[in-house]
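Report on the following structure.
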Number of protein chains: 2
Amino acid sequence: MLQTSARLLKLLSLLEMRRDWAGDELAGRLEVTTRTVRRDVDKLRELGYPVHATTGTAGGYRLGAGASMPPLLLDDEEAVAIAVGLGAVVSAGVGGMEETSVRALAKLEQILPPKLRKRVGAFRSHTVGINFGGETVDASVLTLLANACRDHDRLRFEYRAHGGSESYRITEPHRLARAGRRWYLLAWDIDKADWRIFRVDRITPVTPTGPRFTPRELPDPDVSAYIGRKVTIGAYQTKVRATLHCPAELARQRIPERYGTVTPIDDETCELESRADNVDGSAYYLASFGWDFEVHEPQELKDRLAELATRLTKAAGA
Amino acid sequence: MLQTSARLLKLLSLLEMRRDWAGDELAGRLEVTTRTVRRDVDKLRELGYPVHATTGTAGGYRLGAGASMPPLLLDDEEAVAIAVGLGAVVSAGVGGMEETSVRALAKLEQILPPKLRKRVGAFRSHTVGINFGGETVDASVLTLLANACRDHDRLRFEYRAHGGSESYRITEPHRLARAGRRWYLLAWDIDKADWRIFRVDRITPVTPTGPRFTPRELPDPDVSAYIGRKVTIGAYQTKVRATLHCPAELARQRIPERYGTVTPIDDETCELESRADNVDGSAYYLASFGWDFEVHEPQELKDRLAELATRLTKAAGA
DNA sequence: TCCCTTGAGGACAGGACCTGTCCGCAAGCG
DNA sequence: CGCTTGCGGACAGGTCCTGTCCTCAAGGGA
């Protein structure tokens, strides 16, 4: 019964929208009797979505957190907000779990009504990006690649090689992965008849995507490791060592374990050790804490800091 | 029929998961005949979710983008990724549409299974935050406040006033809003019997939330404007004027309209004018472009840059 | 061009399911 | 104690669902 299914969905949407609902209200909204509401609530429960109910004057229904994830019923604005937000996170590479985020974003964008997609696009172009020293990647390119991987669609794109020369590639995209601060695409290059790793920020995809292909066996089951091996230069290569003039506890609060390790020296200072792929990023990151610090290595970072200091001195004026 | 509804949901989930599905496959997954699959597909279409179908050898079903947003069926990982990502965006205040993002996040967290919620929490604490000069706000505090506003739950919290003194507040929370780089809560303070505006980063909420209350008429229908008027100090108050040593076009590419206006001076330089609430933020932002620049006002920003330059000189070592 | 594959959809029959109505019960709350 | 609100059994009429069978239509490959 279509009406029943639609009503169940609507009921779920109502329950997600507000926390407490009286049976009466729900019945009114759904245009059925309260008896039917009770039955529908039961159905949701049978489907595994725990709807709590309380009796008495202030009673009502309330959707709880269950064992599995219920369908998310978003209104237009929320959908746009998630697309924009997730896009910002993904393209800046913050938050961790990058691949999954891209997958989720791709899923969302695929079913996003065109009207909303436009709004997302408009927002992305007018929004201050999170850009923390590293290059950002266009979120729409990422979702396009993610979808092509998922759907085994052949992909054609312009690729700007390191030297600046452009080439036209026809590929069978297999995986999207992050290494360091960059996104990479692992794909089978048709013309070269071999696996290639492409930097996503150098890709300009050609739409529409091509015909479907049958996936090949990957050159290595652990794609991240494979990319990490192949893309030797750049990613998380340089060791950074610095003394921070602040208590270790404070530093630990501000600096996530993921970024690096903090070792106390005395009550007032501590040592930070981490790896960075991007000297600029590290420079801004260290500067942003507001503590005094000294960098011991790499020299490159010290040079960059000196350079930055010069620029800022000039910027501050006479 | 429960089975039918559940099957429709499962069908939708399958269609969201992969792009192309053969009728056979779907029938197998759903354990019904292909005839029933066809009928179910029809039902989805009637519900407004456009399912395209192609005949022939490479035929199959495919979910398209419709007029309205279909329910998002996320797997566990995707749900966690969205919660983490959106949390990062919201607490850093990037991406725009802050209020809606918080609403969406609150909705998601409310139905997030406890197991996943733990994973989200773990991730948040181990993750490098986006922290661009401004204070970040705890995403879980924000969602808690958003939910309290939505559900009209009384809220108790510890509040650290400007001077550092703590007070215990019992409030009726009404709205959450951003002004400048900060989050504010507009609430009715029970003890003071008046409206108060609280900075979210100074709030430590006490769980659980209290009993429900009936919302009052807001002191001003335009809450942002109201907060903007009341919170005179800080928010987007200072005018920033700087000369950038780069072509105007380039600057316009990097600097979103939202942040400020760029006026060309000559082919090599341009002027940037914007407003900032946060001198630190502006300092890092300007520095991050990699162009030479000079700040004309405010003096505070120049001081900060000079200070930063000193620190960086020291950091770069002898 | 022909044939195979795959989706579309009408007809049919048996059965499952849904809904509204009526009613007695239980649990909060004042 | 009484009011409000949710719970759920029973019942009857009607709707809807499913599998089966069959004929078409539209791509794609040989």
Side-chain angles (χ1 to χ4, degrees), chain A residues 1-12 14-15 18-47 49-64 151-154 208 210-214, chain B residues 1-12 14-15 18-47 49-64 151-154 208 210-214:
Chain A
M1 148 151 313
L2 218 192
Q3 300 208 33
T4 317
S5 305
R7 206 179 48 236
L8 279 185
L9 234 44
K10 192 166 176 188
L11 175 56
L12 204 51
L14 290 174
L15 288 173
R18 211 217 291 175
R19 199 174 59 177
D20 286 289
W21 288 91
D24 266 3
E25 274 179 300
L26 292 176
R29 291 291 198 111
L30 303 173
E31 299 180 299
V32 288
T33 48
T34 57
R35 184 68 185 89
T36 302
V37 170
R38 277 203 294 281
R39 276 196 273 245
D40 283 356
V41 166
D42 261 349
K43 278 177 215 150
L44 288 185
R45 291 200 258 246
E46 273 184 73
L47 286 175
Y49 311 132
V51 182
H52 307 296
T54 36
T55 61
T57 322
Y61 295 93
R62 166 183 307 190
L63 182 60
D151 300 329
H152 313 305
D153 281 340
R154 233 181 227 205
R212 301 185 62 180
F213 64 88
T214 46
Chain B
M1 146 150 315
L2 216 194
Q3 300 208 33
T4 316
S5 306
R7 207 179 48 237
L8 279 184
L9 233 45
K10 193 166 176 189
L11 175 56
L12 203 52
L14 290 173
L15 288 172
R18 212 218 292 174
R19 198 174 60 178
D20 287 290
W21 287 91
D24 266 3
E25 275 179 298
L26 292 176
R29 292 290 199 112
L30 303 174
E31 301 180 298
V32 288
T33 47
T34 57
R35 184 68 186 90
T36 301
V37 169
R38 278 205 293 281
R39 276 196 273 245
D40 282 356
V41 166
D42 262 350
K43 278 177 216 152
L44 287 186
R45 290 200 258 247
E46 274 184 72
L47 285 175
Y49 311 132
V51 181
H52 307 297
T54 37
T55 61
T57 322
Y61 296 93
R62 167 183 306 190
L63 182 59
D151 299 329
H152 313 306
D153 281 341
R154 236 183 224 204
R212 302 187 61 180
F213 63 88
T214 46

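Lettering follows sequence order; numbering is per chain, from 1.
For the helix from C/dT1-D/dA30 to C/dG30-D/dC1, the end axes, each set by the C1' atoms of five terminal pairs, are bent relative to each other by 60° (nearest 10°).
Among the protein residues, B/Arg45 comes within range of the sugar-phosphate backbone only, with heavy atoms under 4.0 Å from sugar or phosphate atoms but none that close to a base. Residue B/Arg62 is out of contact with every strand shown, counting any heavy-atom pair closer than 4.0 Å.
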Base contacts versus sugar-phosphate-only contacts with protein, heavy atoms under 4.0 Å: please encode nucleotides 23-30 of chain D as B, S and - from 5' to 3'. ---BBS--
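Listed by chain and residue number, nothing satisfies the side-chain hydrogen bond (donor to acceptor under 3.5 Å, both in side chains) test with A/Thr34 (two or more places apart in sequence, or in another chain). Partners of A/Arg39 under the side-chain hydrogen bond (donor to acceptor under 3.5 Å, both in side chains) rule, at least two apart in sequence or in another chain, do not exist in this structure. For A/Asp24, the salt bridge (charged side-chain N to carboxylate O under 4.0 Å, His left out) test picks out no residue, with sequence neighbours left out. Legend: residues meeting side-chain hydrogen bond (donor to acceptor under 3.5 Å, both in side chains) with B/Thr33, ordered by chain and number and at least two apart, are B/Thr36. Contacts of A/Thr55 classified as side-chain contact (heavy atoms from CB on, under 4.5 Å), with partners at least two apart in sequence or in another chain: none. Residues passing the salt bridge (charged side-chain N to carboxylate O under 4.0 Å, His left out) test with B/Glu46, sequence neighbours excluded: none. In this view, B/Asp40 and B/Arg7, B/Lys43 satisfy the salt bridge (charged side-chain N to carboxylate O under 4.0 Å, His left out) rule, not counting sequence neighbours. Residues passing the salt bridge (charged side-chain N to carboxylate O under 4.0 Å, His left out) test with A/Asp20 are A/Arg62, B/Arg212, sequence neighbours excluded.
Within the structure, salt bridge (Lys or Arg N to Asp or Glu O under 4.0 Å) pairs that include any residue of residues 28-38 of chain A do not occur (at least two apart or interchain).
Residue B/Thr4 places at least one side-chain N or O closer than 4.0 Å to OP1 or OP2 of D/dT18.
For the pair B/Arg19/A/Asp153, a side-chain contact is recorded, criterion being any heavy-atom separation below 4.5 Å from C-beta on.
With D/dC7, C/dT19, D/dG6 as the candidates, the nucleotide lying closest to the side chain of A/Ala22 is D/dG6.
Of the residues in residues 25-40 of chain B, those placing a heavy atom less than 4.0 Å from an atom of DNA chain D are B/Val32, B/Thr33, B/Arg35, B/Thr36, B/Arg39, in numerical order.
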